[in-house]
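Worksheet: one structure, shown below.
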Protein chains: 2
Amino acid sequence: MPAESDCTEMLDSETKAVETPEDHADELRLWLRLLTCTTLIEGEVRGRLRQRFDVTLPRFDLMAQLDKAPDGMTLSDVSKRMMVSNGNVTGLVERLVESGHLDRRTSETDRRVQVIRLTKLGRAEFRRMAAEHETWIADLFAELSPKDVRELMRLLAKTKASAQKSAARRRP
Amino acid sequence: MPAESDCTEMLDSETKAVETPEDHADELRLWLRLLTCTTLIEGEVRGRLRQRFDVTLPRFDLMAQLDKAPDGMTLSDVSKRMMVSNGNVTGLVERLVESGHLDRRTSETDRRVQVIRLTKLGRAEFRRMAAEHETWIADLFAELSPKDVRELMRLLAKTKASAQKSAARRRP
DNA sequence: CCGAATTGTTTTAAGCCTAAAATGTTTTCC
DNA sequence: GGAAAACATTTTAGGCTTAAAACAATTCGG
């Protein structure tokens, strides 16, 4: 089990002869644990949203984005913020307009663009849900000390930056 | 902006008169960051799997579970491990049997149970993909030091435990 | 032994999600 | 001005996902 180059930066990885396949088991385990945590919490939140408010998580997430943007957002903005595909947003918005939570209009200055906003109803319902949602999250993370929270924030920021760089390396 | 009880453990929260709504903004930010990291990495892995191997992430994940279980698993086992619904696994397995990656048979001792295994083809293809997958993960986490990785592992373990307790409190 | 719970799986109905192609609009740049 | 590139959104086709109900087989308690 060769674990020699665990910490080396290997700036010349391009030209290096790869004879000893590196051991990335730790990173793999970390990724699986990260995924487990997210899946666990996401499932819990999804279930509570459905039970308490009969709303789906994606609908809640979309409304959360709009609640932070009183002047509305374009579909593209929403799509980028939520990190989901464009087509996904189209359908989600359709259903939320249908149910009276969203208002959608074509931009005056650019007829390609659709601007969406929360309706009065949408905003009221979201605020009500968000207040309770926040307590769920607090409860789910209850065993972490404030120091743990800070430290996790720091390390996840580093993780995000690392992943973004890696993604950019592939798709420049 | 009241932030007084930031660190108190509040063991008597049951009987406490809740006059000052607590501030859980930090936990909320932490959750959003956790979600962002996972979504980012998951999307990257999904795209690479599709591009390089024309395989979906759920198929890969299911094969990963089976690769660790040479004697096969029941559908329930898979469902629990992957933290997805039973019905989800049914369809996933159907398609993987169809494509020749999985073998499925009814248990001899309990006719309710379906045992699934990787076929020779399934195992070979998975191993080929897994080797490359591991390097992607390593690259995505490349900017984290070994110490960062250890620390993240520790904090995520704590997070998982916390979330599980919270979930158990609700659904005992 | 037999009815009642429990367990494992599938079905159903609805919604979510993606990648890729198609459509319509605006900008860019000769 | 007009072709080409870029942009915003929708459509399409297919797969994923869930919650809840239905079905089938086993186990448990009297």
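In the set D:dA8, D:dA19, C:dT10, D:dA8 carries the atom at the smallest distance from any side-chain atom of A:Ser76. In the set D:dT17, D:dT10, C:dT10, C:dT10 carries the atom at the smallest distance from any side-chain atom of B:Leu75. Checking D:dT18, D:dT17, C:dT18 against the side-chain heavy atoms of A:Arg46 singles out D:dT18 as nearest. Closest to the A:Ser85 side chain, of the nucleotides D:dT26, C:dT10, C:dT18, is C:dT18. Among C:dC16, D:dC7, C:dG8, the nucleotide with an atom closest to any side-chain atom of A:Arg112 is D:dC7. If you check C:dT25, D:dC16, D:dT9 against the side chain of A:Asp110, the one that comes closest is C:dT25.
Looking at A:Asp139 and B:Arg169, a side-chain N of the basic residue comes within less than 4.0 Å of a carboxylate O on the acidic one, giving a salt bridge. Salt bridge status for A:Arg128 with A:Glu132: absent, with no side-chain N to carboxylate O gap under 4.0 Å. Between B:Glu151 and B:Arg154 there is a salt bridge, with a side-chain nitrogen of the basic residue lying less than 4.0 Å from a carboxylate oxygen of the acidic one.
Distances shown here put a side-chain N or O of A:Thr56 below 4.0 Å from the OP1 or OP2 atom of C:dC16. In terms of phosphate contacts, B:Asn88 brings a side-chain nitrogen or oxygen within less than 4.0 Å of OP1 or OP2 of D:dT18. Taking only side-chain nitrogens and oxygens, B:Arg111 never comes nearer than 4.0 Å to OP1 or OP2 of D:dA24. Within the 4.0 Å cut-off from OP1 or OP2 of C:dT10, at least one side-chain nitrogen or oxygen of B:Arg104 is found. Not one side-chain nitrogen or oxygen of B:Asn86 sits closer than 4.0 Å to the OP1 or OP2 atom of C:dT9.
Atom C1' of nucleotide C:dT12 and atom CD of B:Glu94 are separated by 13 Å, given to the nearest angstrom. One atom, CZ of A:Arg52, and another, C1' of D:dA19, lie 19 Å apart when rounded to the nearest Å. The separation between A:Arg105 atom CZ and D:dA8 atom C1' is 18 Å, rounded to whole Å. Between B:Met83 atom CE and D:dC16 atom C1' there is a gap of 17 Å when expressed in whole angstrom units. If you measure from atom CG of B:Asp61 to atom P of D:dC16, you get 11 Å, rounded to the nearest angstrom. B:Gln51 places its CD atom 8 Å from the P atom of C:dA20, with the value rounded to the nearest Å. Between the C1' atom of C:dA13 and the CZ atom of A:Arg50 lies a distance of 11 Å, rounded to the nearest Å. Regarding A:Glu44, its CD atom lies at a distance of 15 Å from the C1' atom of D:dT18, rounded to whole Å.
Each of A:Gln114 and A:Gly47 was assigned the nucleotide of DNA chain D with the nearest heavy atom; the assignment lying further toward the 5' end belongs to A:Gln114. Each of B:Gly91 and A:Glu42 lies near DNA chain C, and the nucleotide nearest B:Gly91 is the one positioned closer to the 5' end.
A:Leu57 comes within 4.0 angstrom of no nucleic acid atom, judged by non-hydrogen atoms across all strands. Residue A:Thr74 is classed as a sugar-phosphate contact, given heavy-atom separations below 4.0 Å to backbone atoms only.
Here the straight-line distance linking atom OG1 of A:Thr36 with atom CZ of B:Arg81 works out to 10.5 Å at 0.5 Å rounding. Put simply, OG1 on A:Thr74 and CG on A:Asp110 are 10.0 Å apart, with the number rounded to the nearest 0.5 Å.
Side chain of B:Thr119 to main chain of B:Asp103: no donor-acceptor pair is present (N/O by atom type, distance under 3.5 Å, no hydrogens or angles).
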